[in-house]
Amino acid sequence: MLHINKIRENKENYIELLKIKNIDASDLIANAIAKDDERKATQQQADELLAKGNQLAKQIGELYKTGKAVEANVLKEESSAIKENSKALQTKQVELEKEIQDILVQIPNIPHPSVPAGKSDADNVTLKQVGDIPVLMDGAKPHWELTTDYNLIDFELGNKITGAGFPVYTNKGAKLQRALIAYFLDKNTDAGYTEYLPPHLVNEASGFGTGQLPDKEGQMYHATEDNLYLIPTAEVPVTNFFRDVIVKEFPIKCTAYTPCFRREAGSYGKEVRGLNRLHQFDKVEIVQIQHPEKSYETLDVMVQHVSSILDELELPYKILQLCGGDLSFTSALTFDFEVYSAGQERWLEVSSVSNFEGYQANRLKLRYKDENGKTQLCHTLNGSALALPRIYAALIENNQTAEGIKIPKALQPYTGFDIIK
RNA sequence: GGAGAGAUGGCAGAGUGGUCGAAUGCGGUGGUCUUGAAAACCAUUGUACAGCAAUGUACCGGGGGUUCGAAUCCCUCUCUCUCCGCCA
């Protein structure tokens, strides 16, 4: 959510920049400012009345104490009238505040000026491509066949006990998954991130804090009996650690492994086959809270960090800068990572690294004190480092050989084996 | 699941109708002292909104009510803790 004062200060600029996201926000913004003007006026009137009321109450107290009950009763009547008026004004103020909020949540984050225009993912800009596209042997297979052939994942068993999109990992397939989690966490903690293992269910307030609620309610599994939500990403619990916090020192760096639960209604076919899209999947997330002046520098460092992991895993990958049309509602600037999955001959998104600037922080009330002692919004950033299933798919597809599936060197200390036969 | 207790500033903890945005202690910040540090002492130390400012208003878990006046009384919701039960 954007801050109304920031909108006031940068009105024209914001409207221009939002065009990059293909959004004409001029009506929303004008409306928000008009309502806010009204809110200010209402508050001034209300404050004045309340001040008068407070004063009267004090006088009445004094009069009673000195035994002047008659005079007190006169003032009482005046006080009652004031009370009624001020109450009406306060109600109006609360209503206005809600209306303003309702408008503000409809305005997406302002994209960074460097964000290229564009309508869809087709307009994203490839910044660089690293690694060679592997040339596989004849008869190379997609991962959903390999996982069956080598007895790594039992999709059928998952269907039986839960449903589609809930795979069961077995044998070396399970070990490989565990190895990837441990490896990613180690890479992140080595880079200075503090490891957390958060709850996998969160309350309603946390859903609001990171913006899943109220809009994207359908994306999350909801345990209605206890009104808790299964997390769609570790970003939700981890970012909410810092809800209502005034930060003393920058940066704050967190990493967490969690399963992620997504209802993901409506998508079919080859795109979502096998591991490509799941209702439950594992992900290791990195989150940073940073001073506004340093957040873009940090974004670059985070991109570097994710790159280094993919380098070590010897996976060919592309870094894309998302165009305005593909940028998420809350993001100001996002880089996507896609790895090449040779068995499917497709690029698969495995990480998304974003700077949300103060957009999340405003909703979270995540702030710091500047050199003048004024509270300011922190900037928040996050990224996947990394999402498991598609990495897993690319790893086994790209490394399939006549002898078996080879494990990259970096991962071998974690798997304890160098080939799956 | 049953019974009980509680929720106050960064933390601990007082406050049961006006003198309370709130005692006191700890912590934080600034200063005095010191070669430096510690100790001691002095000062300062919540957030938001409105206002150029002076200042005003709101906030003592959330919401509602009683009252001229509520941290304090009433209703309601949420959460936490303790004991019992169940259980990895």
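Bear in mind that the values here come from a model prediction, so they are computed numbers and not experimental data.
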If the cut-off is 4.0 Å, is A:R39 near the phosphate of B:A50, judged by side-chain N/O to OP1 or OP2?
yes

Complementary nucleotide of B:U35, counting Watson-Crick and G-U pairs under 3.5 Å:
none

Roughly how far apart, to the nearest Å, are B:G27 and B:C11 at atom C1'?
7 Å

Could you give the CD-to-P distance, from A:Q44 to B:A53, as a whole number of Å?
12 Å

Output side-chain donor-acceptor pairs under 3.5 Å for residues 73-82 of chain A, partner residues at least two apart or in another chain, one line each.
{"residue": "A:N73", "atom": "OD1", "partner": "A:Y64", "partner atom": "OH", "Å": "3.4"}
{"residue": "A:N73", "atom": "ND2", "partner": "A:A69", "partner atom": "O", "Å": "3.3"}
{"residue": "A:K76", "atom": "NZ", "partner": "A:Y64", "partner atom": "OH", "Å": "3.0"}
{"residue": "A:S80", "atom": "OG", "partner": "A:K76", "partner atom": "O", "Å": "3.1"}

Distance check needed: B:G51 C1' versus A:D37 CG, whole Å only.
15 Å

Residues 247-257 of chain A vs side chain to side chain donor-acceptor pair (under 3.5 Å), sequence neighbours excluded, gives A:N188-A:T255, A:Y257-A:D282

With rounding to whole Å, what would you report as the distance between B:A23 and B:C73 at their C1' atoms?
23 Å

Paired nucleotide for B:C49 [Watson-Crick or G-U wobble; both distances under 3.5 Å]:
B:G56

Using whole Å, what does the distance between atom P of nucleotide B:A50 and atom CG of A:D36 come to?
7 Å

Rounded to whole Å, NZ of A:K374 lies from P of B:C49 at a distance of 8 Å

Could you check A:Y229 against A:N203 for side-chain hydrogen bond (donor to acceptor under 3.5 Å, both in side chains), going step by step and ending with a plain yes or no?
CA-CA 6 Å; A:Y229 293 85; A:N203 57 27; over 6 Å; no

Would you mind pulling out the nucleotide paired to B:G18, Watson-Crick or G-U wobble, both distances under 3.5 Å?
B:C68

Is A:D24 paired with A:K19 through a side-chain N to carboxylate O contact shorter than 4.0 Å?
no

With rounding to the closest Å, how many angstrom separate the P atoms on B:A5 and B:C74?
14 Å

Can you list every salt bridge (charged side-chain N to carboxylate O under 4.0 Å, His left out) pair that touches residues 80-89 of chain A, not counting sequence neighbours?
none

With sequence neighbours excluded, give me every salt bridge (charged side-chain N to carboxylate O under 4.0 Å, His left out) pair touching residues 43-63 of chain A.
none

Do A:T224 side-chain atoms and A:N227 backbone N/O form a donor-acceptor pair below 3.5 Å?
no

Identify the nucleotide, in any strand shown, that forms a Watson-Crick or G-U wobble pair with B:G6, with both distances under 3.5 Å; if there is none, say none.
B:C79

B:C33 and B:A38: how far apart are their P atoms, nearest whole angstrom?
15 Å

Output all residues satisfying ring pair (Phe, Tyr, Trp, His ring centres under 6.0 Å) with A:F281, sequence neighbours left out; order by chain, then residue number.
none

Between atom CD in A:Q59 and atom P in B:C68, what is the gap in whole Å?
16 Å

Atom pair distance, as rounded to whole Å: CD in A:Q101 and P in B:A48
16 Å

Using purine N1 to pyrimidine N3 plus N6-O4 or O6-N4 for Watson-Crick, or N1-O2 and O6-N3 for G-U wobble, each under 3.5 Å, what pairs with B:A23?
none

Could you give the distance separating B:U45 and B:G62 at their P atoms, to the nearest angstrom?
24 Å

Each nucleotide of nucleotides 56-66 of chain B classed B (base within 4.0 Å of a protein heavy atom), S (only sugar-phosphate) or -, in 5' to 3' order, makes BSS------S-

Assign the ring pair A:Y196 / A:F241 to parallel, tilted or perpendicular, where the plane angle (0 to 90°) is split at 30° and 60°.
tilted

What interatomic distance, in whole Å, is found between C1' of B:U8 and the corresponding atom of B:A3?
27 Å

My understanding is that a pair needs two contacts under 3.5 Å, Watson-Crick or G-U wobble. By that rule, which nucleotide pairs with B:A43?
B:U29

Please give, in whole Å, the distance from B:G69 P to A:N73 CG?
13 Å

Does OP1 or OP2 of B:G69 have a side-chain N or O of A:S79 closer than 4.0 Å?
no

Between B:U16 and B:G61, how far apart are the two P atoms, rounded to whole Å?
15 Å

Nucleotide forming a Watson-Crick or wobble pair with B:C86, both distances under 3.5 Å
none

Is there any protein nitrogen or oxygen under 3.5 Å from a nitrogen or oxygen in nucleotides 15-22 of chain B, and what are the pairs?
{"residue": "B:G18", "atom": "N2", "partner": "A:A57", "partner atom": "O", "Å": "2.7"}

Taking the nucleotide of RNA chain B with the nearest heavy atom to each, does A:G53 or A:R367 sit closer to the 5' end?
A:R367

Report, one line per pair, each donor and acceptor closer than 3.5 Å where one atom sits in a side chain of residues 378-390 of chain A; sequence neighbours left out.
{"residue": "A:H379", "atom": "ND1", "partner": "A:S295", "partner atom": "OG", "Å": "2.8"}
{"residue": "A:T380", "atom": "OG1", "partner": "A:Q360", "partner atom": "OE1", "Å": "2.7"}
{"residue": "A:N382", "atom": "ND2", "partner": "A:E235", "partner atom": "OE1", "Å": "3.1"}
{"residue": "A:N382", "atom": "ND2", "partner": "A:E235", "partner atom": "OE2", "Å": "3.4"}
{"residue": "A:S384", "atom": "OG", "partner": "A:S352", "partner atom": "N", "Å": "3.4"}
{"residue": "A:R390", "atom": "NE", "partner": "A:N276", "partner atom": "O", "Å": "2.9"}
{"residue": "A:R390", "atom": "NH1", "partner": "A:E349", "partner atom": "O", "Å": "2.8"}
{"residue": "A:R390", "atom": "NH2", "partner": "A:N276", "partner atom": "O", "Å": "2.8"}

Test of understanding: with ring pair (Phe, Tyr, Trp, His ring centres under 6.0 Å), list the residues that count as partners of A:Y150, not counting sequence neighbours.
none

Atom-to-atom span, CD1 of A:I246 to C1' of B:U45 - whole angstrom:
13 Å

If I pick the P atom on B:C49 and the same atom on B:C42, what distance separates them, to the nearest angstrom?
36 Å

